[in-house]
Number of protein chains: 2
Amino acid sequence: MGEKVTLVGGGLAGSLMAIYLAKRGYEVHMYERRPDMRSGQYQGGRSINLALSTRGINALSRVGLVDDILKIAIPMKGRQMHDRQGNLNYQPYGHADQAIYSVSRGELNIRLLQLADQFPNIHMQFETRCVHCDFQTGETRYVDSDGYEFADKADIVLATDGAYSAVRDTMMRTTGFDYSQAYESHGYKELEIVPGANGTFQMEENALHIWPRASFMMIALPNPGGNFTCTLFLDENEINALDTPEKVKAFFDKEFADAVPMMPHLVEDFFNNPTGSLVTMRCYPWVKGKAALMGDSAHAVVPFYGQGMNCSFEDCVVLDDCLEKYQGDWEKSLAEYQIKRKPNADAIATLAVQNFIEMRDLVGQPEFLRKKRLEHALSELYPGVYKSQYERVTFSNEDYAEALRMGSVNDALLQHIIDEDLENELENREQMLGLMAQFQAC
Amino acid sequence: MGEKVTLVGGGLAGSLMAIYLAKRGYEVHMYERRPDMRSGQYQGGRSINLALSTRGINALSRVGLVDDILKIAIPMKGRQMHDRQGNLNYQPYGHADQAIYSVSRGELNIRLLQLADQFPNIHMQFETRCVHCDFQTGETRYVDSDGYEFADKADIVLATDGAYSAVRDTMMRTTGFDYSQAYESHGYKELEIVPGANGTFQMEENALHIWPRASFMMIALPNPGGNFTCTLFLDENEINALDTPEKVKAFFDKEFADAVPMMPHLVEDFFNNPTGSLVTMRCYPWVKGKAALMGDSAHAVVPFYGQGMNCSFEDCVVLDDCLEKYQGDWEKSLAEYQIKRKPNADAIATLAVQNFIEMRDLVGQPEFLRKKRLEHALSELYPGVYKSQYERVTFSNEDYAEALRMGSVNDALLQHIIDEDLENELENREQMLGLMAQFQAC
């Protein structure tokens with residue numbers, strides 16, 4: 001059993017994992033490349049708001065942080081679609097009591113760091129960049145903010161250093177390490193809808209807003225200050241083609257006319273904020289000697305299912321469960337962790353790419369919305385029996401791989417109901433349960 | 001038009017491309033990480049013999065090297081399969097006059113370097129490692145054998161620095177660069193069958209020998225010295241499990257009994273030679289600013305179709321053709337080069353993985369050999385009309401992507417002939433041509 005654990009990266013997964021490990025009695029040394037967020041230097045402009053859902057809440061509940069976090073979060077109970085004329089169309093995410101929670105990445109990270117700081121066996125060092133990892137010895141090397149290079153050695157090294165992980169970079173240079181990175185042609189720009197008079201929300205507060213435009217879209221998530229963080233997703237060449245204030249203004253006037261009056265500093269934001277890129281990264285194995293990858297360093301996904309952070313937190317939960325099950329035997333724990341998580345990380349990566357098409361295109365189509373209404377009705381009539389893919393991903397802890405599989409099953413069932421004109425039979429319990437069983441068996 | 005071209009890497013593709021460019025009048029500066037092979041320090045032990053075929057011969061013919069190379073090559077007209085009892089089974093690759101040529105990678109490279117040396121506008125520097133490439137300016141940076149770092153700047157940078165390309169590494173850190181590396185679970189060991197008395201060949205000289213064992217295999221290619229270069233392909237864990245001379249001896253006695261008496265230093269080779277690994281690498285785009293990837297740096301394939309070098313040489317041919325077509329306009333030439341080559345590189349990568357299964361498993365199965373005999377008969381009866389996938393890949397310059405597609409068409413046709421008992425109708429020209437047209441149209 002390893003007594004000292006190095007965590008490379010003090011972001012969301014790193015700081016949560018540090019607390020889990022500290023509670024188990026490990027000496028935890030956490031190194032973070034960026035400055036300490038608690039020092040007030042946290043800046044947005046490049047991070048989509050996070051949507052905390054069941055898996056993330058489950059993970060936070062292990063450290064008693066749920067109530068604190070929900071206080072700074074805003075529940076979103078469905079999607080509000082805006083068409084070019086400003087007409088609205090609402091689609092609930094699940095049952096009346098189900099919601100996802102809009103929360104600031106920075107605020108969430110700060111709460112986790114504050115909690116971590118209360119453990120004497122967690123040692124944190126910021127502005128310290130990892131430059132190497134020796135998987136055999138457990139030694140990691142760093143450069144600090146003064147340019148001073150030093151090494152640390154631990155029994156176990158956990159890499160929570162994100163999509164551009166330095167530890168994974170070292171792994172990539174070893175034989176037998178499978179890796180892929182695939183970019184979307186779309187980039188993104190973070191923008192803002194400001195609060196109305198007296199800090200009120202200018203649009204429905206408890207919804208995730210979408211302006212679906214088939215090949216592109218804008219979304220907006222509410223913040224406690226009454227403003228919304230907006231993100232435009234558009235082909236990078238088209239973003240680059242919007243190279244004058246006039247072109248930006250004309251584009252938004254045409255595509256998002258109802259939002260423009262609420263975006264007074266649209267043009268400045270557009271040119272001041274960097275263009276983000278969207279990448280899906282897969283790799284394997286995640287465990288090499290004494291080191292293991294977790295969170296975005298193991299599986300970076302596009303943000304369209306709102307599961308990046310939830311999935312990373314679930315990595316921590318699963319590893320924590322393994323450590324419990326194997327009573328601190330790291331070799332067994334890490335082996336089971338990667339076998340359990342890899343197919344689920346692959347599934348959420350696929351789901352996230354699929355959901356981009358749903359959000360930007362399908363939710364703007366009447367036939368799709370009809371299918372979603374049908375699905376919602378089934379879900380209300382047969383709670384716990386008929387579960388939508390969204391419900392399985394967002395409001396449960398079941399395997400992402402199972403949610404991916406059942407999404408196809410559901411889709412075939414819904415198409416069958418439409419094709420066979422069974423929409424008036426939804427309350428025929430025997431018939432519907434029979435159909436569900438039949439399609440699931442396919 | 002760029003007048004100065006930097007070639008990063010002086011291996012097979014690099015030295016051939018240097019000559020093409022020199023003939024077009026460019027100033028070519030070529031940097032190679034390894035020592036100059038002509039100094040006699042070339043060592044084997046990790047390179048499978050190359051099988052030169054039509055695409056490679058076509059590429060060498062542009063620089064007048066074909067006759068020189070064929071003099072040091074040995075034609076292989078078919079596969080000779082060895083079963084566990086030492087029974088032999090022969091399968092021709094194509095028509096009687098068709099062969100692939102076993103040639104030493106080192107010897108081939110030396111001939112290319114010797115030719116390159118005759119051009120005053122080719123400047124070569126060895127033991128000089130590329131450490132950075134600036135795509136915008138065309139500047140590359142190097143460290144030479146004394147540890148001295150310097151930069152060079154050119155109008156165009158071509159990366160011919162292999163599967164672990166430093167230029168591609170720099171590209172990978174830019175947004176929008178798709179990349180994947182996927183390892184086979186098999187590793188490989190290079191071994192040797194020695195010459196018999198008076199330097200004679202102990203097995204059929206004009207064949208590629210295969211010991212197919214379903215999940216693994218050994219192959220042997222003839223060398224001019226009367227010896228054969230053997231390569232064992234086996235799961236890496238199983239290679240590692242052969243950790244004593246006794247285990248190695250017992251394994252070979254059981255699996256390759258007929259070869260063992262011809263391998264007097266088997267055990268020493270097994271433990272002295274490193275275990276190689278097998279990776280398929282894909283990426284895109286290949287062109288970024290003033291730099292472009294060629295050969296293994298753009299597409300590393302597993303060696304089972306014997307096309308790695310042939311495919312890399314074809315990259316050079318295609319780029320040379322583009323430079324001719326666009327009269328030295330590099331932007332247009334590189335754009336067309338990558339669009340033309342990418343689908344073909346993807347196809348040969350897929351074909352090479354498929355051929356591993358064919359070589360290690362299918363060629364040991366009677367039904368497969370029956371199909372191959374049928375295919376050979378069709379190919380002899382309808383030359384130029386029925387062309388096997390192997391013929392399209394190996395004995396033609398047609399697109400690899402087309403060969404991949406036609407392989408499936410052929411396979412369906414052959415299965416149909418077997419299923420419908422048409423094997424006695426092969427000479428019925430009208431029927432067969434009708435069938436071929438019908439299957440091709442599917």
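Below, read A as the first sequence line, B as the second, and so on, with proteins coming before strands; counting in each chain starts at 1.
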With rounding to the nearest 0.5 angstrom, report the CD to CD1 distance, B/Gln354 to B/Ile357.
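Here the interatomic distance stands at 7.5 Å.
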
Using non-hydrogen atoms and a 4.5 Å limit, figure out which bit of A/Glu236 sits close to chain B: side chain, backbone, both or neither.
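When you check distances to chain B, only side chain atoms of A/Glu236 fall under 4.5 Å.
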
A/Phe177 portion near chain B, given a 4.5 angstrom heavy-atom threshold
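The answer is both parts of A/Phe177.
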
Residue selection (most heavy-atom pairs with chain A, distance under 4.5 Å) from B/Cys283, B/Gly176, B/Ala182
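Answer, by heavy-atom pair count under 4.5 Å with chain A: B/Gly176.
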
Using a 4.5 angstrom heavy-atom cutoff, name the option from B/Tyr284, B/Tyr183, B/Tyr179, B/Tyr164 with the most pairs to chain A.
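Looking at each of B/Tyr284, B/Tyr183, B/Tyr179, B/Tyr164 in turn, B/Tyr183 comes out on top.
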
Side chains of [X] and [Y] only: does a donor on one sit below 3.5 Å from an acceptor on the other?
X	Y	result
A/Glu149	A/Tyr142	no
B/Lys288	B/Thr174	yes
B/Glu190	B/Tyr188	no
A/Thr350	A/Arg282	yes

Measure B/Met281 against the heavy atoms of chain A and call it side chain, backbone, both or neither at under 4.5 Å.
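Answer is neither: B/Met281 stays 4.5 Å or more from chain A.
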
